[in-house]
Amino acid sequence: MKLRRLDGVIVSRLVNVRYLTGFTGTAGLLLVTEDAATFYTDFRYEAQASQQVVGPRVSIEKRSLIQCAARDAKRHRLRAVAIESHHVTVDQKADLARLSPETDWLSAQRVVESLRLSKTPDEIAILRQAIEITDGAFVEVLGKLRSGMTERDVAQRLERALQRRDSDGPAFETIVASGVRSALPHGAASGKKLEHGDLVTIDFGGAYKGYCADLTRTVCIGKANSDQKRVYRIVRDAQLRAEEVLRAGLTGRDVDAAAREHIVSKGYGDRFGHGLGHGVGIEVHEAPNLSRTYRSRLRSGSVVTVEPGIYITDWGGVRIEDVAVVMAKGCEVLTRAPKPARLPEL
Ligand code: GLY
Ligand code: MN
Ligand code: MN
């Protein structure tokens with residue numbers, strides 16, 4: 001704020017409000033000025049905010065929270081206030097300009113997201129727990145996979161196993177994609193039954209204390225054929241290469257390339273159509289990215305997925321996904337779910 005001579009910043013993206021204040025409700029907004037901070041919420045969260053939000057003044061409002069912040073910007077004659085321009089809508093911007101016309105409404109684009117890039121030791125400890133819960137649920141359900149079960153049966157078992165382990169719930173829609181459906185990178189669980197010879201890609205994660213896990217494994221129901229084994233091997237080797245090089249100071253593009261070059265060299269470059277990985281934290285997808293277009297350098301403390309895949313229409317696909325902490329001299333893979341060298345045959 002000092003550098004940019006700002007009198008205030010409005011944080012309206014709820015995940016960022018949560019990050020800064022600890023507030024876990026569904027309506028909250030923060031106005032930070034040089035010497036004070038105000039947290040706006042409504043009647044439903046009066047008691048919760050007084051417990052969770054320590055520091056800022058809590059203001060219980062009946063109207064749109066961003067309009068209330070604009071009212072206060074006018075009242076306090078704030079001349080230059082930055083807003084989260086990647087989140088504020090055109091309508092909200094018009095409201096701000098109408099309610100406090102003397103204020104210059106500037107951009108604080110992804111400022112809180114950039115604070116979230118490196119996780120604190122406390123955040124990493126919570127992520128470890130989210131991942132441990134998810135790994136445990138996976139191992140439990142893996143032992144119960146049988147041909148004849150539907151993908152939805154599998155997803156429900158995974159989600160119940162998360163619940164029993166005290167997860168907040170699934171961090172995103174559970175993917176169970178079997179047979180030719182495993183060629184769909186985001187094949188949400190359907191009514192299709194698992195059949196002998198199917199590749200099955202399972203991608204799910206439990207949230208814990210607001211932080212997300214993200215795990216993918218691919219297995220085969222019954223005996224796998226040689227093509228299935230070969231593609232599995234290529235994806236696993238690509239992933240190991242990326243995990244070997246992953247460290248602070250490389251760009252997201254460098255790490256993506258470590259996996260991609262291997263897949264390209266085996267002739268499947270055009271079948272790996274997504275980025276290698278993404279940051280994970282309060283959101284299941286957040287900065288930084290491991291992808292061809294991410295040219296910023298990775299920082300210590302970032303937590304990212306490493307998830308190469310090969311997807312072949314009308315045949316099937318393989319993806320393997322771990323979560324790792326970026327460190328100065330390498331990385332620590334947090335995921336412990338088994339990842340055998342050979343395609344598991346159940
Ligand atoms: N399941 C979403 C992802 O792996 O990014
Ligand atoms: Mn995933
Ligand atoms: Mn992922």
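Residues: numbered from 1 along the sequence shown. For ligands, and for the atoms within them, numbers begin at 1 and follow the listed sequence.
A donor-acceptor pair under 3.5 Å is absent between the side-chain atoms of Asp256 and the main chain of Gly275, judged by distance alone. Judged by distance alone, with hydrogens and angles left aside, the side-chain atoms of Glu286 form a donor-acceptor pair with the main-chain N or O of Glu283 at under 3.5 Å. Ser147 places no side-chain N or O within 3.5 Å of a backbone atom of Leu194 that could act as its donor or acceptor partner.
Any protein N/O/S atom under 2.8 Å from the Mn ion (ligand 3) was counted, giving 4 altogether.
No hydrogens or angles considered: nothing links the side chains of His87 and Asn16 as a donor-acceptor pair under 3.5 Å. Between Thr24 and Gln48, the side chains place a donor N or O and an acceptor N or O closer than 3.5 Å (distance only, hydrogens not considered). Side-chain N/O atoms of Arg230 and Tyr268 include a donor and acceptor closer than 3.5 Å.
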Between the protein and ligand 1, are there any N or O atom pairs that come within less than 3.5 Å of each other, and if so, what are their names and distances?
unit_1   : atom_1 : unit_2 : atom_2 : d
ligand 1 : 1 (N)  : Asp203 : OD1    : 3.4
ligand 1 : 1 (N)  : Asp203 : OD2    : 2.9
ligand 1 : 4 (O)  : Asp203 : OD2    : 3.2
ligand 1 : 4 (O)  : Asp214 : OD1    : 3.4
ligand 1 : 4 (O)  : Asp214 : OD2    : 3.2
ligand 1 : 4 (O)  : Glu307 : OE1    : 3.1
ligand 1 : 4 (O)  : Glu307 : OE2    : 3.4
ligand 1 : 4 (O)  : Glu321 : OE1    : 3.3
ligand 1 : 4 (O)  : Glu321 : OE2    : 3.2
ligand 1 : 5 (O)  : His278 : NE2    : 3.0
ligand 1 : 5 (O)  : His285 : NE2    : 2.6
ligand 1 : 5 (O)  : Glu307 : OE2    : 3.4

- Task: Please lay out, stage by stage, how Tyr232 and Arg342 fare under the test side chain to side chain donor-acceptor pair (under 3.5 Å).
- Result: CA-CA 7 Å; Tyr232 177 89; Arg342 289 165 54 94; over 6 Å; no
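In this structure His76 satisfies the side-chain contact (heavy atoms from CB on, under 4.5 Å) test together with Asp72, Leu78, sequence neighbours excluded. The side-chain contact (heavy atoms from CB on, under 4.5 Å) search around Asp166 returns none, not counting sequence neighbours.
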